[in-house]
Asker: 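First, the structure itself, so that you have it in front of you.
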Amino acid sequence: MLFTETLNQNANFQRLYRSGAFCSLGSALIYVKPNGLPCNRLGITAGKKIGNAVRRNRAKRIIRAAYSAAELKLPIGLDIVVVARSTLPDQNANILTEAFCTRGVKHCCGVSSGEIPCTQNQKRKPGGKKSAEKQA
RNA sequence: UGAGCAGACUGUGCAGCCGCGGCAGCGAUUUCAGCUGACGAGGAAAGUCCGGGCAUCGCAGAGCAGGGUAACUGCUAACCGCAGCCGGGGGUGACCCCAGGGCAAGUGCAACAGAGAUGAGACUGCAUUGCAUCCGCACGUUUUCAUGAAGGAUGCAGUGUAACGGUGGAAAGGCGGGGUAAGAGCCCACCAGAGGAUACGAGAGUAUCCUGCUGUGUAAACCCUACCCGAUGCAACGCUGAUUGGUGUAUCAGGUCAUAACGUCUGCUCGGCGGAUCUGAUGCAAAGGCGGCUUGAGCGUUCCGGCGACAGAACGCCUAGAUAAAUGGCUGCACCCGUUCCGCUCCCUUCCGGGCGGCGGACAGGACAGAACCCGGCUUACAGGUCUGGUCACAUC
RNA sequence: GGCGCGAUAGCCAAGUGGUAAGGCAAUGGUCUGCAACACCGUGAUCACCAGUUCAAAUCUGGUUCGCGCCU
């Protein structure tokens with residue numbers, strides 16, 4: 001991985017779930033947000049819903065293979081978290097790779113150039129919702 | 001040929017393209033990045049159910065408490081493990097299963113039902129004695145009445161008994177005969193258990209004889225007997241280490257209390273050690289990094305001892321060490337499989353159709369499951385396949 | 001990775017071998033002109049599979065699921 005480090009702290013994952021711009025790739029979801037660093041950071045989530053350790057490891061390998069295929073096309077300076085869904089280990093890896101190279105790359109370029117905004121998810125913060133109503 | 005038993009092994013293979021992990025080498029060098037090479041998941045890596053190594057803590061010990069194991073002999077570093085053997089149970093058999101010490105040391109519990117539930121009880125009964133009533137009526141006294149009398153019935157009270165009946169998981173050995181007023185191991189034969197003696201065996205135990213001793217079940221109830229166990233776990237532990245708060249801890253200073261309390265040594269007691277507590281100051285610990293981290297009760301072959309588990313000797317080999325966590329992704333071919341589909345062919349059948357028949361092709365599928373300090377076991381999950389040795393049934397010779 | 005705890009009606013739960021308490025909710029009935037309140041009823045494979053026992057929610061072993069701790 002040329003310009004990529006691993007994202008391994010729980011706080012960073014929570015930050016992306018809360019305020020990242022997400023996009024569906026069929027059997028996976030991606031959350032993207034700019035990080036201000038001269039490199040990309042990649043995090044992978046394969047939860048207990050997917051299955052046992054063999055299925056989780058296969059999901060992570062497929063995601064990493066898809067990312068490395070699309071890496072040269074991505075802009076630099078992003079945090080990316082990929083969440084696997086339970087149908088991912090049953091599929092052929094080419095399906096996800098193709099989706100990542102087209103829709104995922106488009107989404108990341110949009111976030112990097114500012115066309116897709118990284119909004120706060122207000123459903124998880126009732127306080128923010130109230131203040132917005134007061135302003136209205 | 002079919003069914004079934006036990007043991008051992010294996011657990012898809014090959015090629016191409018693209019990748020990953022640490023290691024070694026090359027080149028470069030402050031690093032990063034690069035190239036080459038060999039290596040890179042399992043029989044259960046799983047569950048974390050046992051046992052050990054290793055590490056730290058404590059060490060002034062003793063007793064109690066607590067936990068574990070349970071026929072016997074061995075193997076092992078150790079074991080709730082394994083091997084052999086004994087006893088019991090299951091199967092026609094190969095063979096399989098068993099928490100398999102002691103309720104006959106003591107205590108507890110045994111609902112409901114039942115007469116009675118622990119060495120208990122007297123319901124229905126059986127037998128007998130006394131009293132009362134009635135039946136019976138030879139004979140004696142007698143006008144009648146009444147009284148006595150072989151025997152029988154009913155009721156009440158007492159005595160003996162526990163066979164029979166029903167309840168229950170269990171009713172104080174079982175069954176048969178004798179015996180008795182009726183009964184009872186009261187006596188006898190056989191059987192079951194217990195105790196004792198002798199013989200054999202390393203032992204559990206087995207065989208024979210004697211003794212009338214017969215005192216339910218439950219110890220995966222408390223408990224007793226024998227043996228074993230310090231606690232915590234690699235997030236242990238050692239070195240290094242940025243920022244700030246609480247916390248813990250060490251030292252120093254000051255205040256308060258006082259010989260009893262408190263803290264600590266495993267839970268308690270004795271005992272040992274520390275006076276205790278509050279405030280302030282200073283230092284240390286925790287993120288991360290490095291070590292621990294893979295040469296080990298190691299593996300393979302041969303020989304030898306042992307029924308076997310296992311032990312010994314010689315020679316050879318080095319075989320994963322990740323940390324948001326590598327050991328893969330895709331494609332093609334081969335292999336295996338199919339109450340799928342198509343085609344050809346064979347058999348049965350008049351036809352419809354049928355065949356746990358064969359061949360070829362297409363399609364779908366190929367299990368359970370991923371090292372995390374390391375070993376020895378156990379348990380659980382698992383598509384299939386191979387080999388070896390027994391057993392039963394049928395047929396043929 | 002290591003250590004520990006739990007599972008009982010839709011929900012909260014008691015239950016130390018002998019008929020599975022109780023509360024809320026649901027539902028049927030009585031009361032009322034109709035409701036509410038009140039009263040009387042109704043409901044459990046004790047997570048699952050074996051074993052010990054005459055008898056297991058309880059005791060023992062295994063499996064599944066859930067939860068906590070290692071600042």
Side-chain angles (χ1 to χ4, degrees):
Chain A
M1 300 207 181
L2 295 171
F3 315 105
T4 305
E5 292 181 355
T6 52
L7 184 67
N8 60 0
Q9 288 193 347
N10 196 26
N12 288 330
F13 278 87
Q14 296 301 322
R15 191 170 57 85
L16 271 109
Y17 292 148
R18 205 160 43 236
S19 62
F22 73 93
C23 172
S24 169
L25 296 177
S27 59
L29 288 172
I30 58 173
Y31 290 81
V32 185
K33 192 181 182 185
N35 60 359
L37 297 173
C39 64
N40 284 349
R41 293 193 294 183
L42 174 67
I44 298 172
T45 299
K48 208 186 269 183
K49 275 188 222 167
I50 293 174
N52 55 26
V54 175
R55 291 170 63 83
R56 278 176 299 192
N57 282 340
R58 176 172 161 85
K60 286 189 270 189
R61 282 186 207 117
I62 290 172
I63 288 168
R64 238 181 280 127
Y67 179 82
S68 62
E71 190 176 16
L72 292 174
K73 304 178 189 171
L74 289 175
I76 293 174
L78 293 174
D79 279 350
I80 301 170
V81 167
V82 185
V83 181
R85 285 177 170 167
S86 60
T87 55
L88 183 58
D90 299 326
Q91 290 180 345
N92 196 311
N94 291 334
I95 297 173
L96 186 75
T97 305
E98 205 169 309
F100 203 100
C101 288
T102 57
R103 251 188 299 175
V105 170
K106 202 170 161 186
H107 183 72
C108 293
C109 291
V111 171
S112 178
S113 61
E115 292 175 5
I116 300 174
C118 301
T119 54
Q120 289 276 332
N121 194 344
Q122 292 184 349
K123 288 179 184 176
R124 299 187 187 178
K125 285 192 173 181
K129 194 174 184 181
K130 283 178 185 174
S131 63
E133 285 174 354
K134 281 177 185 176
Q135 286 176 4

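Just so we're clear, the structure is a prediction, and the values are computed from it rather than from any experiment. Residue numbers start from 1 in every chain, and the chains themselves are labelled A, B, ... in the order their sequence lines are given, proteins ahead of strands. The analysis underlying the following values was restricted to heavy atoms, covering all of them including side chains, and did not include hydrogens, waters or symmetry mates.
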Asker: I want to check one thing: is the phosphate of rA325(B), taken as OP1 and OP2, less than 4.0 Å away from some side-chain N or O of N57(A)?
Answerer: no

Asker: Report the base-pairing partner of rG267(B) (Watson-Crick or G-U wobble, both distances below 3.5 angstrom), or none.
Answerer: rC64(B)

Asker: rC335(B) and rC14(B): how far apart are their P atoms, nearest whole angstrom?
Answerer: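 Nearest-Å result for rC335(B) against rC14(B) at atom P: 16 Å.
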
Asker: Identify whether the glycosidic angle of rG66(B) places it syn (within 90° of 0) or anti.
Answerer: anti

Asker: Is rG185(B) in the syn or the anti form, by the rule that syn lies within 90° of 0?
Answerer: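 Base orientation: syn.
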
Asker: Verify the contact: side-chain N or O of N92(A) to OP1 or OP2 of rU331(B), cut-off strictly under 4.0 Å; return yes or no.
Answerer: yes

Asker: Whole Å only: how far is the CD1 atom of I63(A) from the C1' atom of rG19(B)?
Answerer: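 After rounding, the gap between these two atoms is 16 Å.
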
Asker: For rA157(B), give the paired nucleotide (Watson-Crick: N1-N3 plus N6-O4 or O6-N4; G-U: N1-O2 and O6-N3; both under 3.5 Å), or none.
Answerer: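 Here rA157(B) is engaged in a pair, and the nucleotide opposite it is rU129(B).
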
Asker: In Watson-Crick or G-U wobble terms, both distances under 3.5 Å, what is the partner of rG4(C)?
Answerer: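 Matched rG4(C) with rC67(C) under the 3.5 Å cut-off.
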
Asker: Going by a 90° cut-off around 0, is rU211(B) syn or anti?
Answerer: anti

Asker: With both distances under 3.5 angstrom, what nucleotide forms a Watson-Crick or G-U wobble pair with rG7(B)?
Answerer: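 Answer to the pairing question: rC387(B), which forms a Watson-Crick or G-U pair with rG7(B).
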
Asker: Write down the distance separating the C1' atoms in rC375(B) and rA45(B), rounded off to the nearest Å.
Answerer: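 Pairwise C1' distance, rC375(B) against rA45(B), rounds to 14 Å.
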
Asker: State the pairing partner of rG205(B); accept Watson-Crick or G-U wobble contacts with both distances under 3.5 Å, and report none otherwise.
Answerer: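 Answer to the pairing question: rC200(B), which forms a Watson-Crick or G-U pair with rG205(B).
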
Asker: Quick one: is rC330(B) close enough that its OP1 or OP2 comes under 4.0 Å of any side-chain N or O from R58(A)?
Answerer: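 Answer is yes, contact under 4.0 Å.
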
Asker: Would you say R64(A) places a side-chain N or O within less than 4.0 Å of OP1 or OP2 belonging to rA325(B)?
Answerer: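 Result: yes.
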
Asker: Indicate, with a heavy-atom threshold strictly under 4.0 Å, whether A53(A) touches base, sugar-phosphate, or nothing.
Answerer: sugar-phosphate

Asker: Kindly say whether S24(A) contributes a backbone atom to a donor-acceptor pair with the side chain of R103(A) at under 3.5 angstrom?
Answerer: yes

Asker: So, does R56(A) get its side chain near the phosphate of rG370(B), meaning an N or O under 4.0 Å from OP1 or OP2?
Answerer: no

Asker: Hey, are D79(A) and R41(A) close enough for a salt bridge, meaning a charged N less than 4.0 Å from a carboxylate O?
Answerer: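 The answer is yes: the pair qualifies as a salt bridge.
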
